[in-house]
Each structure stands twice: as C-alpha cells, then as structure tokens.
Participant: 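Below: one structure in structure tokens.
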Amino acid sequence: MEAQVQEAFRREELPRGHRLLSPDNFSQKVFYVEKGVVRTYYVKDGKDITHSFVLEGSFFVSIESAFFNSPSPYGVEVLEQTTIRTIPYPDLERFIDGYQALQKLSRLVMINAVKTFSDKLYSIQFQSAQERYNSMLEKFPDIMLRVPLGHIASYLGITQETLSRIRAGKV
C-alpha cells in the first residue's frame, strides 16, 4: 500500500515565501507537509492575519472549497523551504475507499482538524495573551526559531510589542 500512497500524492519542493494558495481560493487539493512549515492566513481590512501554522507531519485542506464548493477565506504561505505532497480531494476519496487503514486515518485527520479549530476558538475567547503564548509554545516548541515574530504575534492576536514584553517576562 505504501507504494500506491507514494504514487498517488504529487511531491513538490517549495521555497520560503511561496504563496501556495491565495485567500478566496477554490482549491480541491489535500496537502501533506512532509518537511517544513506553512501558515494559513486571511486578510481583514487590508491586513494579513495568521490563522494557523502547519508543520511537518500534518495535513491541511481548504475545507470550504473541498467540502462545500465555496471559496476558502484562507491563503497559504510557505515559511521555510518546504516539501509538500498533494492529491485532489476526489482522487483521495476514491483511494481511501480501497483501504480500511486509510479510512481510519482520514477520520483521525478530520477529528484532529475539528480539535484544532476548537482549541483556537477557546484560546481566543478565554485565554490571556500570556496563556495563548504558552499554549502555542507547548503545541509548537520550536516555532520561535522557524517563524517570523510578526506572524506569531498575528497568530496570537497581539501586537509585536506585546509579544516582546511577554517574551521578556514583563507582562
């Protein structure tokens, strides 16, 4: 089965700064980050806001497009040299239908996506900036070494000045 999976997914090497998807895309692809880090973002009032980080070993998909045939508000940017694998969602569905182990993996990936969104909503509603920062470091221990501080501040919903104070222990 491993050879069939390798063959089904197209492999791409992408440079830092590459815009993989623009906001309002209709991408039907499922992405797997084999190596590297990407961020999803949206634009609000002309400002680029980081929604999430996707590190190696993780899948992502434009849920709105793949499942609801509507534009996704999220763009995707490569933050460091990244290797991704892609497959069109309809092809993945047909592929998964043939393998019970992949059906289970598919469910686990979707459950993880729902949990990620739930955690993000909880943090926005109930956590202080310091708590959001600590949670981010727990989830992504090496993120500060891999992602520009502006994207981290945006992800946390704070200014870069506030991020600097948190990092210096002055909050």
Participant: Check for a donor-acceptor pair, side chain of T86 on one end and backbone N or O of V30 on the other, with a separation under 3.5 Å.
Facilitator: no
Participant: If you group Ile, Leu, Val, Met, Phe, Trp and Tyr by side-chain heavy-atom gaps below 4.5 Å, do I96 and L105 land in one group?
Facilitator: yes
Participant: For residues Y32 and F9, establish whether the separation of their ring centroids is below 6.0 Å.
Facilitator: no
Participant: Let me check something: any side-chain donor-acceptor pairs from residues 143-153 under 3.5 Å, sequence neighbours excluded? List them with distances.
Facilitator:
residue : atom : partner : partner atom : Å
R146    : NE   : E80     : OE1          : 3.3
R146    : NE   : E80     : OE2          : 3.2
R146    : NH1  : E56     : OE2          : 2.8
R146    : NH2  : G36     : O            : 3.4
R146    : NH2  : E56     : OE1          : 2.9
R146    : NH2  : E56     : OE2          : 3.2
R146    : NH2  : E80     : OE2          : 2.4

Participant: Under 4.5 Å side-chain heavy-atom separation, chaining through any Ile, Leu, Val, Met, Phe, Trp or Tyr, what else clusters with L20? Say none if it is isolated.
Facilitator: L14, L21, F31, V33, V38, V54, F60, V76, V78, I84
Participant: Would you give the length of the straight line joining atom CD1 of I158 to atom OH of Y133, rounded to the nearest 0.5 angstrom?
Facilitator: 9.0 Å
Participant: Before accepting this row, confirm whether a basic side-chain N of the pair D97/R94 lies closer than 4.0 Å to the acidic partner's carboxylate O.
Facilitator: no
Participant: Quick check for you: to the nearest 0.5 Å, what is the distance between L156 atom CG and T162 atom OG1?
Facilitator: 10.0 Å
Participant: Quick one: salt bridge (charged side-chain N to carboxylate O under 4.0 Å, His left out) partners of R39, sequence neighbours excluded?
Facilitator: D48, E77
Participant: Side chains of Q81 and R16, heavy atoms from C-beta outward: is any pair under 4.5 Å?
Facilitator: no
Participant: Going by side chain to side chain contact (heavy atoms under 4.5 Å, CB included), name the residues that satisfy it together with K44, two or more places apart in sequence or in a different chain.
Facilitator: Y42, I49
Participant: Do the side chain of S106 and the main chain of L102 share a donor and acceptor less than 3.5 angstrom apart?
Facilitator: no
Participant: Would Y89 end up clustered with Y99 when hydrophobic side chains under 4.5 Å apart are linked, directly or stepwise?
Facilitator: yes
Participant: Please answer: with hydrophobic residues joined when any side-chain heavy atoms are less than 4.5 Å apart, are L92 and F68 in the same cluster?
Facilitator: yes
Participant: Measuring from D91:CG to K29:NZ, what's the distance to the nearest 0.5 Å?
Facilitator: 11.0 Å
Participant: Taking atom types as modelled, is there a side-chain donor on S164 or R167 under 3.5 Å from an acceptor on the other?
Facilitator: no
Participant: Nearest 0.5 Å, what's the CZ-CG distance between F59 and N112?
Facilitator: 10.5 Å
Participant: When you look at V109 and V61, which way does the side chain to side chain contact (heavy atoms under 4.5 Å, CB included) test go after all the steps?
Facilitator: CA-CA 11 Å; V109 167; V61 62; over 6 Å; no
Participant: Treating S27 as the side-chain partner and S62 as the backbone partner, does any N or O pair qualify as donor plus acceptor under 3.5 Å?
Facilitator: no
Participant: Sequence neighbours excluded, which residues qualify as side chain to side chain contact (heavy atoms under 4.5 Å, CB included) partners of K139?
Facilitator: T116
Participant: Can you name the closest pair of heavy atoms from S154 and T50 and give their distance?
Facilitator: OG-N, 2.7 Å
Participant: Compare all side-chain heavy atoms of P71 with those of E64 and state whether any distance is below 4.5 angstrom.
Facilitator: no
Participant: With sequence neighbours excluded, tell me which residues meet ring-ring contact (aromatic ring centres under 6.0 Å, His included) with Y122.
Facilitator: F126
Participant: Between CG of D119 and OG of S52, what distance do you get to the nearest 0.5 Å?
Facilitator: 12.5 Å
Participant: Going by atom types only, do N134 and E138 share a side-chain donor-acceptor pair under 3.5 Å?
Facilitator: no
Participant: Counting N and O atoms only, with roles assigned by atom type, does the side chain of R132 sit under 3.5 Å from a partner on the main chain of Q127, one being a donor and the other an acceptor?
Facilitator: yes
Participant: Checking ring pair (Phe, Tyr, Trp, His ring centres under 6.0 Å) against H51, which of F117, Y41, Y155 comes through?
Facilitator: F117
Participant: What's the separation between atom CD in E34 and atom OG in S58, rounded to the nearest 0.5 Å?
Facilitator: 12.5 Å
